[in-house]
**Q** 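I have a structure I would like to understand better, so I am pasting it below and will then ask my questions one at a time.
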Amino acid sequence: MTSNNRIVLSSDHAAIALRQAIAAHVAAKGWDVVDIGPTTPESTPYPKHGEAAARLVASGDCRLGIILCGTGQGIMMAANKVRGIRCGVCADTFSARMIRQHNDANMLSLGARVIGEGLALDIVDAFLAAEFEGGRHATRVDMIVALEQ
Ligand code: RB5
């Protein structure tokens with residue numbers, strides 16, 4: 001783990017319980033968890049929570065981010081609008097590993113109405129254990145970055 005081991009978590013109302021389970025799981029593995037909520041069950045729009053987490057990753061304040069909504073899709077779309085963010089929705093461990101190794105993803109999105117807690121924690125573990133491979137993949141990630149200009 002590098003010196004910055006902060007990881008931000010956020011969600012909308014649809015994923016509070018799963019987010020809190022992930023926060024506890026990740027903290028137990030030694031990560032410095034920045035859980036920016038929400039904590040109460042009122043309906044709240046996923047774009048603002050995706051953006052808030054993405055800003056902390058894009059600024060370098062947090063090294064990685066995990067965001068959740070009902071499907072994982074809407075909050076992922078919002079996060080990916082922030083320059084410097086590469087976020088993928090995963091419902092399997094292979095994809096979670098590959099978005100780190102090949103796409104240098106810095107955020108993971110999960111759908112709390114799609115997967116259960118056991119699989120979600122496995123996906124998180126796969127994402128956090130993987131490292132970007134660089135090489136030919138760096139060229140491709142550079143092309144993604146260029147699209148932001
Ligand atoms: C909220 O009902 C739901 O639309 C949201 O959690 C998410 O699934 C959107 O992508």
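Ligands are counted one by one from 1 in listed order, and the atoms in each one are counted from 1 as well.
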**Q** Give the atoms of ligand 1, by number and element, whose distance to some non-hydrogen atom of Gly70 is under 4.0 Å.
**A**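 Near Gly70, the atoms of ligand 1 are 5 (C), 6 (O), 7 (C), 8 (O).
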**Q** Against ligand 1, does Met77 come closer than 4.0 Å with any heavy atom?
**A** no
**Q** Considering the heavy atoms of Ala14, write down every atom of ligand 1 situated less than 4.0 Å from one of them.
**A** 6 (O)
**Q** With a cut-off of 4.0 Å, which atoms of ligand 1 are near a heavy atom of Gly74?
**A**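 Atoms satisfying the 4.0 Å criterion: 10 (O).
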**Q** Do me a favour and list the nearest non-hydrogen protein atom to atom 3 (C) of ligand 1 with residue, atom name and distance?
**A** Arg113 NH1, 3.9 Å
**Q** Can you name the nearest heavy-atom pair linking Arg6 to Val34, along with the distance?
**A**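 For Arg6 versus Val34, the nearest heavy atoms are CD-CG2, 3.8 Å.
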**Q** What residue and heavy atom of the protein are closest to atom 7 (C) of ligand 1, and at what distance?
**A**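 Going atom by atom, the protein heavy atom closest to atom 7 (C) of ligand 1 ends up being Cys69 SG, 3.3 Å.
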**Q** Only heavy atoms of Asp12, strictly under 4.0 Å: list the atoms of ligand 1 that pass.
**A** 1 (C), 5 (C), 6 (O)
**Q** Using side-chain heavy atoms (C-beta onward) and a distance below 4.5 Å, is Val124 in contact with Leu110?
**A** yes
**Q** Between Tyr46 and ligand 1, does any nitrogen or oxygen pair lie at a separation below 3.5 Å?
**A** no
**Q** Between Asn80 and Cys87 (side chain of the first, backbone of the second, donor and acceptor by atom type, cut-off under 3.5 Å), is there such a pair?
**A**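 Yes.
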**Q** To check you understand the geometry: which heavy-atom pair defines the closest contact between Ser11 and Ile75, and what is its length?
**A**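 Distance-wise, the nearest heavy atoms are CA-CD1, 4.0 Å.
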**Q** Would a distance-only check, ignoring hydrogens and angles, find a side-chain to backbone donor-acceptor pair under 3.5 Å from Asp122 to Thr93?
**A** no
**Q** Please write down residue, atom name and distance for the protein heavy atom closest to atom 8 (O) of ligand 1.
**A** Thr71 N, 3.0 Å
**Q** With distance as the sole test, does Asn106 use its side chain to make a donor-acceptor pair with the main-chain N or O of Gly84 at under 3.5 Å?
**A** yes
**Q** For the 3.5 Å polar cut-off, considering only N or O atoms, please tell me whether Gly72 and ligand 1 meet it.
**A** no
**Q** By side chain to side chain donor-acceptor pair (under 3.5 Å), which residues pair with Arg97, not counting sequence neighbours?
**A** none
**Q** Is a side-chain N or O of Arg113 found less than 3.5 angstrom from the main chain of Ala14, in a donor-acceptor match?
**A**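 Between the backbone of Ala14 and the side chain of Arg113 there is no qualifying donor-acceptor contact (under 3.5 Å).
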**Q** Say whether Gln73, considering both its backbone and side-chain N or O atoms, lies within less than 3.5 Å of an N or O atom on ligand 1.
**A**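 Among all N and O atoms of Gln73, none is under 3.5 Å from an N or O of ligand 1.
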